[in-house]
Amino acid sequence: MRATKYLLISILCLAIQYGWAQDDKPYFEGEIMRTRMVNGMGTEYRGKHVERYIYKNGNRHIYDTRLGYHSIQLYDQNRCIVYYEGQDRGVEYPLDKLFNLGVSDAAWGKSNAYTFTKTDETKTILDYECEIYKATKEVQQNFKTQSLNKTNVIEYHFAVCPKWKTDSIWFKYADNENFPVEGMVIKMVRDEQVKGKSGLFKLNGNFYQSEQVTKIEEREVDDKEFEIPENIKVQKFRTLFSASTLLGELETANRKALKKEKRYPTQLPDNETFDTDDEWED
C-alpha cells in the first residue's frame with residue numbers, strides 16, 4: 001500500500017514537472033502586430049487598422065497605431081480601460097461587460113448561441129501550424145414600437161495556433177459561452193449579413209472585418225506596459241453601454257484632432273466590398 005502511494009505521488013510530480021497536468025498550456029507573453037480591415041456601416045473607423053497587442057498572464061494592452069486608441073484589458077482584475085492619445089479623459093468598466101453590454105434581452109433581441117465547427121483544414125501562418133474553425137450565429141430583432149424587424153447572420157473563420165491558451169478567455173467573454181479552443185487566433189474573418197426593414201427603409205447590408213497577425217515576438221513584458229498615463233482622468237462606469245456617450249465624445253475629439261494634423265487615415269470607399277471565402281483562401 002505504501003509503495004502504491006509513493007508511486008502515485010511520483011507520477012503526479014512528473015505530470016506537473018513535464019507539463020502533463022490539465023492547465024500546462026501557457027499564456028503567450030510578448031508582443032504581436034495585427035492588421036485589421038473593417039468595412040461596414042457603423043461607428044467604427046472603416047478602413048485599415050494596424051494594432052499592437054501586448055500580452056502578459058492573459059491580460060492584454062491593445063494599441064491602434066493609426067488612431068491612437070488604447071484598450072487595457074486586465075483579465076485578472078475584471079477591468080477594461082479605454083483612452084485616446086492626446087485626450088485627457090478615459091473610461092473604465094468591468095471587463096465582463098466588454099461584450100455583454102448590460103442591455104436587456106428585450107432591448108437587444110433574440111440571439112442564438114454560436115455553433116462552432118472544427119474543420120479538417122490547417123493553415124501555416126508565420127511558420128505556425130494553425131487549426132481552422134468556423135462559427136455561426138443568428139440574432140433576430142423585432143420591435144413593433146420601433147417598426148424594426150431584422151435578422152443578423154454572423155459567420156466567423158478562425159486560424160488558431162494551439163501553442164498558447166491566450167485568446168480562449170476573450171471568446172468565452174464574448175457571449176458567456178465556452179469557446180472550444182485554447183490558442184492564439186492568428187487569422188480571423190468575420191462576415192455579418194443584415195436583412196430586414198425599419199419602417200419604410202430596407203436594412204440589407206453587411207459588416208465585414210478581417211484580422212491577421214503579421215508579427216509574433218515572445219519577450220518579457222514589464223508591468224509598466226499596462227499602466228495608464230498620469231494625465232488621463234479615468235471615469236468609471238458600470239457597463240460599456242453606460243460609457244458609450246463619453247466614448248463617442250472622445251472618439252469624435254480624437255478624429256477632429258487627427259484630421260487637423262492631417263494624420264487621420266483615408267476611409268474605404270462606400271462601395272468597397274469583400275468576399276469572405278476569397279479573403280480566407282489568400
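Not measured: the values here are computed from a predicted model. Residues: numbered from 1 along the sequence shown.
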Enquirer: Please round to the nearest 0.5 Å and tell me the distance separating atom CD of E225 and atom CD1 of I72.
Expert: 10.5 Å
Enquirer: Quick one: pull up CD1 in I232 and CD in E85 and give me the separation to the nearest 0.5 Å.
Expert: 9.0 Å
Enquirer: Regarding K165 and the six-membered ring of Y27, is the cationic atom NZ or CZ under 6.0 Å from the ring centre and inside 45° of its axis?
Expert: yes
Enquirer: Other members of the hydrophobic cluster containing V153, with the 4.5 Å side-chain heavy-atom rule, please.
Expert: none
Enquirer: Take E31 and R219, measure what salt bridge (Lys or Arg N to Asp or Glu O under 4.0 Å) needs, and give me the verdict at the end.
Expert: CA-CA 7 Å; E31 176 180 335; R219 64 174 176 82; 3.2 Å; yes
Enquirer: What verdict does the side-chain contact (heavy atoms from CB on, under 4.5 Å) test give for V234 and I228, after you've listed the backbone C-alpha separation in whole Å, the side-chain angles of each residue and the deciding distance to 0.1 Å?
Expert: CA-CA 9 Å; V234 176; I228 301 139; 4.2 Å; yes
Enquirer: Are D191 and N206 side-chain neighbours, meaning at least one heavy-atom pair lies under 4.5 Å?
Expert: yes
Enquirer: Would you say that more than 12 heavy atoms from the other residues, nucleotides or ligands in this model lie under 6.0 Å from the CD of E220, or not?
Expert: no
Enquirer: Heavy atoms only: give me the nearest P94-R238 pair and the separation to one decimal.
Expert: CD-O, 3.2 Å
Enquirer: State the CZ-CG distance between R52 and D64, to the nearest 0.5 angstrom.
Expert: 11.0 Å
Enquirer: Could you pull out all residues at least two apart from S244 that satisfy side-chain contact (heavy atoms from CB on, under 4.5 Å)?
Expert: none
Enquirer: Scan side-chain atoms only and decide if E131 and Y133 contain a donor-acceptor pair under the 3.5 Å cut-off.
Expert: yes
Enquirer: Are L250 and F237 grouped together when hydrophobic residues (ILVMFWY) are joined by side-chain heavy atoms under 4.5 angstrom apart?
Expert: yes
Enquirer: For I125 and A159, which heavy atoms make the closest approach, and how far apart are they?
Expert: CD1-CB, 4.0 Å
Enquirer: Assess whether side-chain contact (heavy atoms from CB on, under 4.5 Å) is satisfied between K48 and T35, documenting all intermediate values.
Expert: CA-CA 7 Å; K48 182 178 180 181; T35 296; 3.7 Å; yes
Enquirer: Roughly how far apart are E51 CD and T65 OG1, rounded to 0.5 Å?
Expert: 8.0 Å
Enquirer: Are any of the side-chain nitrogens in K134 or E155 under 4.0 Å away from the carboxylate oxygens of its partner?
Expert: no
Enquirer: Hey, do the aromatic rings of Y84 and Y69 have their centres closer than 6.0 Å?
Expert: yes
Enquirer: Is it true that N59 and D76 share a donor-acceptor pair across their side chains at a distance under 3.5 Å?
Expert: yes
Enquirer: Taking the inter-plane angle between the rings of W164 and F28 on a 0 to 90° scale, is it parallel (under 30°), tilted (30 to 60°) or perpendicular (over 60°)?
Expert: perpendicular
Enquirer: Would you say that H157 contacts I132 through its side chain, given a criterion of any heavy-atom pair below 4.5 Å between the two side chains?
Expert: no
Enquirer: Can you see which heavy atom on C80 is nearest to which on L95, and at what distance?
Expert: CB-CD1, 3.8 Å
Enquirer: Around atom NZ of K56, are there more than 12 heavy atoms from other residues, nucleotides or ligands closer than 6.0 Å?
Expert: yes
Enquirer: Got K123 and K187 here, is their nearest side-chain heavy-atom distance under 4.5 Å?
Expert: yes
Enquirer: Looking only at heavy atoms, what is the nearest atom pair of L247 and V82, with distance?
Expert: CD2-CG1, 3.7 Å
Enquirer: Is there a side-chain contact between R60 and I54 (heavy atoms, below 4.5 Å)?
Expert: no
Enquirer: Minimum heavy-atom separation for I186 and I216, please, with both atom names.
Expert: CD1-CD1, 3.9 Å
Enquirer: Can you check whether K195 reaches Q193 side chain to side chain, under 4.5 Å on heavy atoms?
Expert: no
Enquirer: Are S210 and Q212 close enough that a side-chain donor and a side-chain acceptor fall under 3.5 Å?
Expert: no
Enquirer: Going by the rule side-chain contact (heavy atoms from CB on, under 4.5 Å), which residues pair with Q267 if we only count those two or more places apart in sequence or in a different chain?
Expert: Y45, R46, Y264
Enquirer: Rounded to the nearest 0.5 Å, what separates atom CZ in F226 from atom CD in Q73?
Expert: 10.0 Å
Enquirer: Can you check side-chain contact (heavy atoms from CB on, under 4.5 Å) on T239 and Y93, steps first, answer last?
Expert: CA-CA 5 Å; T239 66; Y93 49 86; 5.8 Å; no
Enquirer: Which atom names give the shortest non-hydrogen contact between M184 and R34, and what distance separates them?
Expert: CG-NH2, 4.5 Å
Enquirer: Under the side-chain contact (heavy atoms from CB on, under 4.5 Å) test, which residues partner Q209, sequence neighbours left out?
Expert: R36, V38, E44, M188, R190, F207, E211
Enquirer: Please determine, by modelled atom types, if R89 and Q87 share a side-chain donor-acceptor pair under 3.5 angstrom.
Expert: no
Enquirer: If you round to the nearest 0.5 Å, how far is OG of S71 from OH of Y53?
Expert: 8.5 Å
Enquirer: Under 4.5 Å between side-chain heavy atoms, chaining through other members, with only Ile, Leu, Val, Met, Phe, Trp and Tyr counted: pull out the rest of the cluster around M33, sorted by chain and number.
Expert: V50
Enquirer: Sequence neighbours left out, cut at 3.5 Å: what donor-acceptor pairs do the side chains of residues 252-259 make with other protein atoms?
Expert:
residue: T252; atom: OG1; partner: G248; partner atom: O; Å: 2.9
residue: N254; atom: ND2; partner: L67; partner atom: O; Å: 3.0
residue: R255; atom: NH1; partner: E251; partner atom: OE1; Å: 2.7
residue: R255; atom: NH1; partner: E251; partner atom: OE2; Å: 2.9

Enquirer: Mind checking whether Y83 and H61 have parallel, tilted or perpendicular rings, split at 30° and 60°?
Expert: tilted
Enquirer: For E218, I'd like to know if atom CD has over 12 heavy atoms of other residues, nucleotides or ligands within 6.0 Å.
Expert: yes
